[in-house]
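Hydrogens, waters and symmetry mates play no part in the numbers below; they use all other heavy atoms, side chains included.
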Amino acid sequence: MPGDTSFDETAGGGRPAERRALILVENLSVPFDRRVWQECRTLRDAGWKVHVICPRGSKRDTEPEVEIDGVRILRYPLRAATGGPAGYLREYGTALWHTARLARKVGPVDVVHACNPPDLLFLPALWLKRRGARFVFDQHDLVPELYLSRFGRGEDLLYRAVRALERLTYRASDVVLATNESYRDVAIRRGGRRPEDVFVVRSAPETDRFQPVPPEPELKRGKPHLLCYLGVMGPQDGVDYALRALAKLRDELGRTDWHAVFVGSGDAFDAMVELSRRLGLSEQVRFTGRVPDADLVRYLSTADVCLSPDPRNPLNDVSTMNKVLEYMAMGRPIVSFDLREARVSAGDAAVYAADDDEAEFAKLIAMLLDDPERRARMGEIGRERISGRLSWRNSQASLLAAYAAACRDRAPVSADAPVRTGKWPRR
């Protein structure tokens, strides 16, 4: 519960002892990484002193050091990876060096909380474990499946390497946070973790961020309907599937009564703009890049149908898509491919095209455009799911339970405590 440390230890005078947590992030800046920021605020409200080490953003989150709402954030410069797997290895090596440098600045902590990808952050976590910290592994992605899905190189030497790094990360951790039951199953089955050490902490949209506003017909660019995609644009995210489905919607189904907006960015952004041009969609499809929250809410409040075109691959089938949850929070009906965790999240708030079938995806869009009553029912189902079992309230309780399990029988460290050396602590 907010304000309750959930621990019995006390400091001098009977005050609850302050615990210190260090959260390591390499994929996104904070607070731009919404999941991590929710975790930071949950821990802060429960009495933790929270520190974050993350990369700097390019347009926001650019300060090297800042305190926001009581959370201290240390950021390091990092260039975007280029050149395939070798480029990612260079990026990760640079990030590890900066992470270790800044961790020394933070000092002793009770918990080091590492968010993947990559599965290399167990290295600074082990260094901090040697100094008395407990290691919470927050598994945002299954990196072996990410490798297979993103690079298409099969189970080669690099794949075997990332599997080995995943095993080492699981072995080093005291507690694992999984984003859904599929990831939890992997941690137990493949990672060899005890079920009682793996906690499901689902991502959930911030409902105060996603409050509908009156629709703005001008965003439809003179068309009766607006279609919307929100999210990252990487090779595995399926924006190309969505664009080809829209071309079929126009060419095979004869539907030109729509305008589409693609909100977001990523390393496939330029390629997707070029694909849209080649498909002759430039007049009907707009790419906005990243936009402020206020503009995002305007687009989603006006959208008639939202698109989740992630194709079936080893990663997507078992991953929870944040955009699906955000569409649901805004009460928007969804067209998705038939993925296991998409059904777990959306249920009847979405319709599902089988087998990455772009023609069926287009037909489902057309079906929803012609059925406003069904769209309204689906939107209401989505809102009910987000405010119920998929709400952040449930994830908060699981996160705090995981931290309590990690720190069981451990007295809080002092920020001024001497650095401990010696053997690695045993679990």
Side-chain angles (χ1 to χ4, degrees), residues 21-30 32-33 35-36 51-59 61-65 72-107 109 111-131 133 135-173 176-177 191 232 234-236 265-268 315 419 424:
L22 174 59
I23 300 181
L24 308 180
V25 186
E26 207 254 281
N27 208 29
L28 291 173
S29 63
V30 176
F32 180 72
D33 189 318
R35 174 188 167 93
V36 172
H51 304 260
V52 178
I53 296 174
C54 67
R56 295 180 198 171
S58 58
K59 295 182 179 178
D61 301 341
T62 57
E63 305 93 338
E65 183 171 347
R72 184 188 181 199
I73 305 173
L74 305 175
R75 305 189 183 108
Y76 53 84
L78 191 64
R79 293 182 178 180
T82 57
Y88 281 90
L89 288 174
R90 287 193 298 272
E91 175 196 354
Y92 295 154
T94 302
L96 284 174
W97 182 84
H98 283 296
T99 297
R101 174 179 62 84
L102 293 172
R104 288 181 177 273
K105 186 174 182 178
V106 172
V109 294
V111 167
V112 54
H113 174 154
C115 308
N116 84 332
D119 283 342
L120 291 170
L121 291 175
F122 77 95
L123 294 169
L126 279 175
W127 179 76
L128 289 162
K129 282 191 72 169
R130 189 177 182 182
R131 286 146 180 81
F135 176 25
V136 172
F137 173 37
D138 193 351
Q139 192 162 28
H140 291 190
D141 281 311
L142 299 176
V143 174
E145 282 78 3
L146 176 62
Y147 178 82
L148 291 174
S149 302
R150 187 176 182 89
F151 297 111
R153 297 161 60 110
E155 296 184 5
D156 61 1
L157 179 61
L158 278 175
Y159 171 80
R160 293 193 293 273
V162 296
R163 281 289 299 266
L165 290 171
E166 182 190 64
R167 286 194 299 272
L168 290 170
T169 301
Y170 280 133
R171 287 178 60 185
S173 64
V176 176
L177 306 183
V232 176
Q236 75 275 15
S265 189
D267 51 9
L315 179 68
V419 173
W424 303 106

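Leu121 is listed as a side-chain neighbour of Leu96, based on a closest heavy-atom distance under 4.5 Å. Residues Val143 and Pro118 fail the side-chain proximity criterion, which asks for heavy atoms closer than 4.5 Å. Contact check for Val162 versus Asp119: no side-chain heavy atoms found under the 4.5 Å cut-off. Using a 4.5 Å heavy-atom cutoff, the side chains of Cys54 and Leu28 are not in contact. Between Glu26 and Tyr92, the closest side-chain pair of non-hydrogen atoms falls below 4.5 Å. Residues Leu146 and Gln236 form a side-chain contact, since some pair of their non-hydrogen atoms from C-beta on lies under 4.5 Å apart.
Distance check, rounded to the nearest 0.5 Å: CZ of Phe122 to CG of Leu128 gives 13.5 Å. If you take NZ on Lys105 and CD on Glu65, they are separated by 4.0 Å, rounding to the nearest 0.5 Å. Interatomic distance, Arg35 CZ to Leu177 CG, rounded to the nearest 0.5 Å: 6.5 Å. The distance from the CG atom of Leu148 to the CD atom of Glu145 is 6.5 Å, given to the nearest 0.5 Å. Put simply, CG on Leu24 and CG on Asp138 are 11.0 Å apart, with the number rounded to the nearest 0.5 Å.
By the salt bridge (Lys or Arg N to Asp or Glu O under 4.0 Å) test, Glu63 pairs with Arg75, sequence neighbours left out.
Nearest heavy atoms, Val36 versus Ile23: CG1-CG2, 4.0 Å. Scanning all heavy atoms of the two residues, the minimum distance from Ser29 to Gly57 falls at CB-N, 3.8 Å. Pro55 and Val25 get closest at one heavy-atom pair: CD-O, 3.3 Å. The heavy-atom pair separating Pro144 from Glu166 by the smallest distance is CD-OE2, 3.5 Å. Closest non-hydrogen pair, Gly191 versus Tyr170, comes out as CA-CD1, 3.3 Å. Closest approach of Val106 and Leu22 over heavy atoms only: CG2-CD1, 4.1 Å.
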Next on the checklist: Would Ile53 and Tyr76 count as a side-chain contact (heavy atoms from CB on, under 4.5 Å) here? Give the steps.
Outcome noted: CA-CA 8 Å; Ile53 296 174; Tyr76 53 84; 3.9 Å; yes
Next on the checklist: Before you tell me yes or no, could you show the steps for Trp127 and Arg104 under side-chain contact (heavy atoms from CB on, under 4.5 Å), namely the whole-Å CA-CA distance, both residues' side-chain angles and the distance that decides it to 0.1 Å?
Outcome noted: CA-CA 10 Å; Trp127 179 76; Arg104 288 181 177 273; 3.5 Å; yes
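Side-chain atoms of Ser173 do not come within 3.5 Å of backbone N or O of Phe137 as any donor-acceptor pair. Of the possible polar contacts, none joining the Arg56 side chain to the Leu78 backbone as a donor-acceptor pair under 3.5 Å is found. A donor-acceptor contact shorter than 3.5 Å is absent between the side chain of Asn116 and the backbone of Leu142. Within the 3.5 Å criterion, the main-chain N or O of Leu126 finds no donor-acceptor partner in the side chain of Arg130.
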